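Okay, structure first, notes after.
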2 protein chains.
Amino acid sequence: MKTLLLVAHGSRREGANREVSLLTDTLASRAGGHFDKVSCAFLELAEPSIADGVNKLVEEGASSVLVLPYFLAAGAHVASDIPEAVDACREQHPSIEISVTPYLGTSDALPNLLINLALGETAS
Amino acid sequence: MKTLLLVAHGSRREGANREVSLLTDTLASRAGGHFDKVSCAFLELAEPSIADGVNKLVEEGASSVLVLPYFLAAGAHVASDIPEAVDACREQHPSIEISVTPYLGTSDALPNLLINLALGETAS
């Protein structure tokens with residue numbers, strides 16, 4: 001069972017965490033054929049943690065977990081905190097393939113998305 | 001002169017701020033016809049501030065500044081800090097049209113971008 005785990009920073013504002021949950025639902029609805037399950041986890045300030053998120057996917061039958069860092073820049077969270085958390089998950093689940101995608105900020109599609117966002121607003 | 005100001009959080013890691021500068025250069029190269037100039041500013045931890053960024057654009061001849069919040073969630077920065085900074089800019093430059101786009105996290109194009117990012121990685 002192939003799974004995707006969207007990892008966000010987490011916020012003290014519940015609304016911000018809920019945005020991540022809703023985005024995860026949208027990803028799940030569009031990921032058919034590529035991922036059997038899509039979940040989210042948070043680095044801090046919200047639940048579940050990366051470890052808890054991976055544990056739950058493994059309990060549910062995941063054979064692989066692809067971690068997608070929902071971060072814009074390669075700060076300490078992307079450079080150190082997420083890799084360390086993922087390494088700990090690999091030690092705990094040696095038979096599960098756990099990999100990490102490039103973080104969102106590296107996407108080549110971001111500039112055009114931003115221009116479209118700007119043009120949508122100026123047109124309104 | 002129509003201008004676009006990408007507003008990012010700012011980081012203690014210079015590399016993260018440089019990513020925003022490089023993204024701004026890319027936006028500038030693709031914004032031809034829509035914006036005469038594209039700059040970036042930072043909410044904290046890096047320069048220029050939003051006020052300094054707007055001031056510079058106005059000095060260079062901007063008649064309008066469209067602020068694009070480069071943020072994924074509606075935390076306090078998006079909900080309060082950026083609007084307050086923008087209001088202060090409007091008071092300082094009453095003849096300039098200063099508006100704010102929805103923040104990046106609201107883009108309808110994000111889910112597909114994330115799925116493509118995930119699939120790119122699994123294919124590699």
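It should be emphasised that the depicted structure is a prediction, and the values quoted were computed from it without experimental measurement. Here is how names work: the chains are called A, B, and so on, in the same order as the sequence lines, proteins then strands, and each is numbered from 1. The figures that follow rest on heavy atoms only: side chains count, while hydrogens, waters and symmetry mates do not.
Contact annotation for B/S29: neither backbone nor side-chain heavy atoms come within less than 4.5 Å of a heavy atom of chain A. Residue contact with chain B, scored on non-hydrogen atoms closer than 4.5 Å, involves the backbone and the side chain of A/L27 alike. Contacts of A/A79 with chain B are made by side-chain atoms alone, with heavy-atom separations under 4.5 Å and no backbone atom involved. Interface residue B/Y70: backbone and side-chain heavy atoms are both found under 4.5 Å from chain A. For A/L68, the part lying near chain B is the side chain, with the backbone staying farther off; criterion is any non-hydrogen pair under 4.5 Å. With a threshold of 4.5 angstrom between heavy atoms, B/N17 does not approach chain A through any atom at all. Only the side chain of B/L23 comes within less than 4.5 Å of a heavy atom in chain A; its backbone stays farther off.
Taking 4.5 Å as the limit, some side-chain heavy atom of B/L104 sits within range of a side-chain heavy atom of A/L113. Side-chain atoms of A/L110 and B/T26, non-hydrogen and from C-beta on, never get closer than 4.5 Å to each other.
The structure places CD1 of A/I115 at 8.0 Å from CG of B/L4, a figure rounded to the nearest 0.5 Å.
B/E44 CD: more than 12 foreign heavy atoms inside a 6.0 Å radius. Within a 6.0 Å radius of CD in B/E60, other residues, nucleotides and ligands contribute more than 12 heavy atoms. Enclosure of atom CZ in A/R12 is not indicated, since only 12 or fewer non-hydrogen atoms of other residues, nucleotides or ligands lie within 6.0 angstrom.
Closest non-hydrogen pair, A/E19 versus B/L72, comes out as OE1-O, 3.9 Å. Scanning both residues, A/P102 and B/L117, for their nearest heavy atoms gives O-CD2, 3.5 Å. Nearest heavy-atom pair, B/R13 versus A/G75, reported as atom, atom and distance to 0.1 Å: CD-CA, 3.4 Å. Residues B/L119 and A/F35 come closest through the heavy atom pair CD2-CE1, 4.0 Å. Smallest separation of non-hydrogen atoms from B/D108 and A/R30: O-NH1, 4.2 Å.
Ranked by heavy-atom pairs under 4.5 Å with chain B, the first of A/A16, A/S11, A/A74 is A/A74.
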